[in-house]
Amino acid sequence: MKTIIEPFRIKSIEPIRMLSRQEREERLACAHYNLFGLHSEDVLIDLLTDSGTGAMSAAQWAAVMRGDESYAGSPSFYRFEKAVKNLMPFKHVIPTHQGRAAEAILFSIFGGSGKNIPNNTHFDTTRGNIEASGAVGHDLVIAEGLDPSNEHPFKGNMDLYRLDKYLEQYGKTVPCVMITITNNAGGGQPVSLANIRGTAALARKYGKPFVIDGCRFAENAWFIKEREQGQQDRSIPDIVRDCFVEADVMTMSAKKDAFGNIGGWLALNDDDLAEQARNQLIRSEGFPTYGGLAGRDLEALAQGLSEIVDEDYLRYRIRTNSYIVERLSKLGVPVVKPAGGHAVFVDARSWLSHIPPLEYPGQSLAVALYEEGGIRGCEIGTVMFGRQPDGTEIPGSMDLVRLAFPRRTYTQSHADYVVEVFEELSKVKKRLGGYKITKEPRLMRHFTCEFEKL
Ligand code: F0G
């Protein structure tokens, strides 16, 4: 069969509603053209993030009922721990309420002023936690990873040559080596197993712990199976284990590839580090057998981990993005290629080339997608990265709009609808204008700043 179908049927639904164009324009003006300011009920198709927004299965909801809310030693924790260890063979598994809580604990131990931490590309909360500790994060993704149209199969790979030089140069100031799979900030692009092994080998050569940010580990494993020589006949769980056996530590947002609406974990092998992490966890998150979670959340994650490695699911999941990328390309909309795992990234700077970067072409496109079709995406460009610590502003390295797909939530007709909205926009794009920021906080301005149309 040619058609890759959604490998599930729908038992429970949530209505979505289409406001009139005038209502959408009013809502936007009320939100000062910042899409984070919209009420989600006013959004038809919400592609703001794939984090915590997926649909849980009937088996996950059944597991929720089994959740045991004991403060210490809950059987739900032991089921969760077993499910994690089945895929990621770490000695210690420490639950947290989100991925960023795991990062905060890790960098309270590894961070500190004068420290330098390499990654393929740090996600913004990772960088935030590193910087909050006084350390500095550096991105060492391969050059192909920064070229939106380069079709390299593993654009998330670490540049091993630069990493080697980096470790030599920064020496003792490097507390750990990190890699993020898939590379979210670089377009959801995968990292090959060979590159994970190469990165781990360099970390070992310099005596550094190797940390994997594993948020989208199953999508990454699917790409390895599809694209890496010698991996085609292997099972997804085996590929996943091969990735994590290389690592000393992992951080995880279970809101992605564990099908959770909430949750995360920190996993590690070193007993002393684990003790420090658990002490910090008790101070900020909760007792080590629940972290910041309810027992029912741990149950949902344990079940979710057995579902996320299903090949029919992963085939459909990855195909959703590549389908939209193919159709947008045919329309002449410039998109990051090849398609990433969890999101489609549109190159707004090049599509709306009449809008200069400092008038935020990404924001203009994101607003237009809502105005035209009730779709909410997210600017990843000059609004997000342009403001400098001294208050000045420079263009971001790219002006992208990310359309991130919640897991198992939307169907192919929703995908077709998204493409159709781009079709309509391509007729009027010359008329789309830029924006100026009228009010902004000092840090992470994209969440709350206010805009005016120019
Ligand atoms: N690491 C990566 C690669 C992420 O994509 C995220 C979250 C985190 C860590 C933090 O996890 O949200 O559970 O605290 N990414 C979401 C996104 C928010 O929209 O890309 P968290």
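Just so it is clear, the model here is predicted, and its values are computed rather than measured. The figures that follow rest on heavy atoms only: side chains count, while hydrogens, waters and symmetry mates do not. Note that ligands are numbered from 1 as they come in the structure, with each ligand's atoms numbered from 1 the same way.
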Original post:
Does ligand 1 have any atom sitting under 4.0 Å from a heavy atom of His342?
Top reply: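 Per 4.0 Å heavy-atom rule, His342 does not contact ligand 1.
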Original post:
Is the distance between the ring centroids of His342 and Phe405 under 6.0 Å?
Top reply: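 No.
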Original post:
Between Glu103, Lys256, Arg100, His97, which one has a non-hydrogen atom sitting closest to atom 15 (N) of ligand 1?
Top reply: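 Minimum heavy-atom distance to atom 15 (N) of ligand 1 goes to Lys256.
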Return yes or no for this condition: an N or O of [X] is under 3.5 Å from an N or O of ligand 1.
X: Arg216; value: yes
X: Cys215; value: no
X: Lys255; value: no
X: Ser253; value: yes
X: Thr182; value: no
X: Arg402; value: yes

Original post:
Hey, does the side chain of Arg376 reach the backbone of Leu35 with a donor-acceptor pair shorter than 3.5 angstrom?
Top reply: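 Yes, Arg376 side chain to Leu35 backbone: donor-acceptor pair under 3.5 Å.
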Original post:
Would you say the side-chain atoms of Lys155 pair up with the backbone N or O of Asp147, donor to acceptor, closer than 3.5 Å?
Top reply: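 Checking the backbone N and O of Asp147 against the side chain of Lys155, a donor-acceptor pair under 3.5 Å is found.
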Original post:
Considering only the protein, which heavy-atom contact is closest to atom 10 (C) of ligand 1, and what is its distance?
Top reply: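 In this structure, atom 10 (C) of ligand 1 has Thr125 OG1, 3.5 Å as its nearest protein heavy atom.
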**OP:** Check whether NZ of the Lys or CZ of the Arg Arg408 lies under 6.0 Å from the centre of the six-membered ring of Phe8 and within 45 degrees of that ring's axis.
**Re:**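 Output no; distance or angle outside limits.
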Subject >> Salt bridge Asp248-Lys208, side-chain N to carboxylate O under 4.0 Å >> reply: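 Salt bridge flag = no for Lys208 with Asp248.
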Original post:
Between Asp416 and Arg327, is the closest basic N to carboxylate O distance under 4.0 Å?
Top reply: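 Yes, this pair counts.
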